[in-house]
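Beneath this line is the structure, given in structure tokens, with notes to follow.
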Amino acid sequence: MGAAIGQQRFISRNSANYESPTWVPIDITKDVKIPFAHGESDASFRGYGGFSATEPGLTGLSFEFNIIEDRTNAQYIALRTAFLAQSPIDIFASDSDPTTGSPTGPRATCKVFKFDQGETLGDVCTIDVVLKPCY
């Protein structure tokens, strides 16, 4: 198989319902990062010789990426609308095309927590987006 290349991965939004998803690639993404880590739970006790002990706690997940600021793009509009309305959005970060085969990766119903506009002098304008699982 070889090394994975980011360009071959997908981050998609469900445009239908959760039980029967229709995955639409967020095709204006640039860099994508999916932090997936355990929190720390203090498991220290007096008989541990003065050392602290730690156990994995709750697992955190987020979807972080930047998109090209294209106000006519349907994915831009969907993400911006979800951010402004604080409404949930179903996201899937997969290792292959989610419409074919058996893709794997995290899927979660999220809310958009960040929609930061970037205006780098020599580049196109981008938006930094952060989605986190929600209730």
Side-chain angles (χ1 to χ4, degrees):
M1 179 177 130
I5 298 173
Q7 185 179 359
Q8 297 169 335
R9 302 288 174 104
F10 290 78
I11 187 149
S12 304
R13 176 183 66 86
N14 181 3
S15 64
N17 62 51
Y18 192 87
E19 295 76 24
S20 182
T22 300
W23 296 112
V24 180
I26 303 173
D27 57 357
I28 54 173
T29 55
K30 289 184 74 169
D31 296 328
V32 177
K33 184 175 180 183
I34 304 159
F36 194 45
H38 296 298
E40 294 183 4
S41 297
D42 184 5
S44 303
F45 58 98
R46 293 175 191 210
Y48 204 58
F51 290 93
S52 62
T54 309
E55 287 292 327
L58 296 174
T59 303
L61 169 67
S62 63
F63 302 87
E64 303 176 8
F65 50 89
N66 44 15
I67 58 173
I68 301 295
E69 184 181 348
D70 179 352
R71 294 175 185 232
T72 63
N73 181 281
Q75 304 316 311
Y76 173 92
I77 294 167
L79 290 165
R80 185 173 186 273
T81 300
F83 173 72
L84 294 173
Q86 297 183 13
S87 58
I89 188 168
D90 190 13
I91 296 292
F92 183 31
S94 57
D95 59 356
S96 61
D97 186 342
T99 62
T100 61
S102 300
T104 60
R107 174 187 182 184
T109 300
C110 299
K111 288 191 177 174
V112 182
F113 279 79
K114 182 178 176 184
F115 201 79
D116 283 353
Q117 186 170 323
E119 300 175 357
T120 306
L121 180 63
D123 278 334
V124 297
C125 293
T126 59
I127 306 293
D128 291 333
V129 180
V130 175
L131 296 105
K132 295 182 180 184
C134 64
Y135 179 67

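The shown structure was predicted, so the numbers you read here are calculated from the model rather than taken from an experiment.
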Mind listing the closest non-hydrogen atom pair of [X] and [Y] along with its distance?
X: Ser44; Y: Ser52; value: OG-CA, 3.2 Å
X: Ile34; Y: Pro106; value: CG2-CG, 4.0 Å
X: Pro103; Y: Pro98; value: CG-CA, 3.6 Å
X: Pro25; Y: Gln75; value: O-CG, 3.5 Å

Donor-acceptor under 3.5 Å (Thr120 side chain, Gly122 main chain):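 Side chain of Thr120 to backbone of Gly122, a donor-acceptor pair under 3.5 Å: no, none is there.
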Above 12 or not: heavy atoms from other molecules or residues under 6.0 Å from [atom1] of [X]?
X: Glu55; atom1: CD; value: no
X: Tyr18; atom1: OH; value: yes
X: Lys132; atom1: NZ; value: no
X: Leu84; atom1: CG; value: yes
X: Phe36; atom1: CZ; value: no

Full working for side chain to side chain contact (heavy atoms under 4.5 Å, CB included) between Val124 and Glu69: CA-CA 8 Å; Val124 297; Glu69 184 181 348; over 6 Å; no
Sole residue of Thr22, Asn14, Asn17 in side chain to side chain donor-acceptor pair (under 3.5 Å) with Asp90: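 Only match with Asp90 under side chain to side chain donor-acceptor pair (under 3.5 Å): Asn14.
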Worked check of side chain to side chain contact (heavy atoms under 4.5 Å, CB included) between Leu131 and Phe65: CA-CA 9 Å; Leu131 296 105; Phe65 50 89; 3.4 Å; yes
Mutual orientation of the aromatic rings belonging to Phe115 and Phe83 [parallel < 30°, tilted 30-60°, perpendicular > 60°]: parallel
Mutual orientation of the aromatic rings belonging to Tyr48 and Phe51 [parallel < 30°, tilted 30-60°, perpendicular > 60°]: perpendicular
Working for side chain to side chain contact (heavy atoms under 4.5 Å, CB included), residues Asn73 and Asp27: CA-CA 9 Å; Asn73 181 281; Asp27 57 357; 3.3 Å; yes
Same apolar cluster (I L V M F W Y, side chains within < 4.5 Å links), Ile127/Ile77: yes
Intermediate values then yes/no, side chain to side chain contact (heavy atoms under 4.5 Å, CB included), Lys30 and Thr126: CA-CA 9 Å; Lys30 289 184 74 169; Thr126 59; 4.0 Å; yes
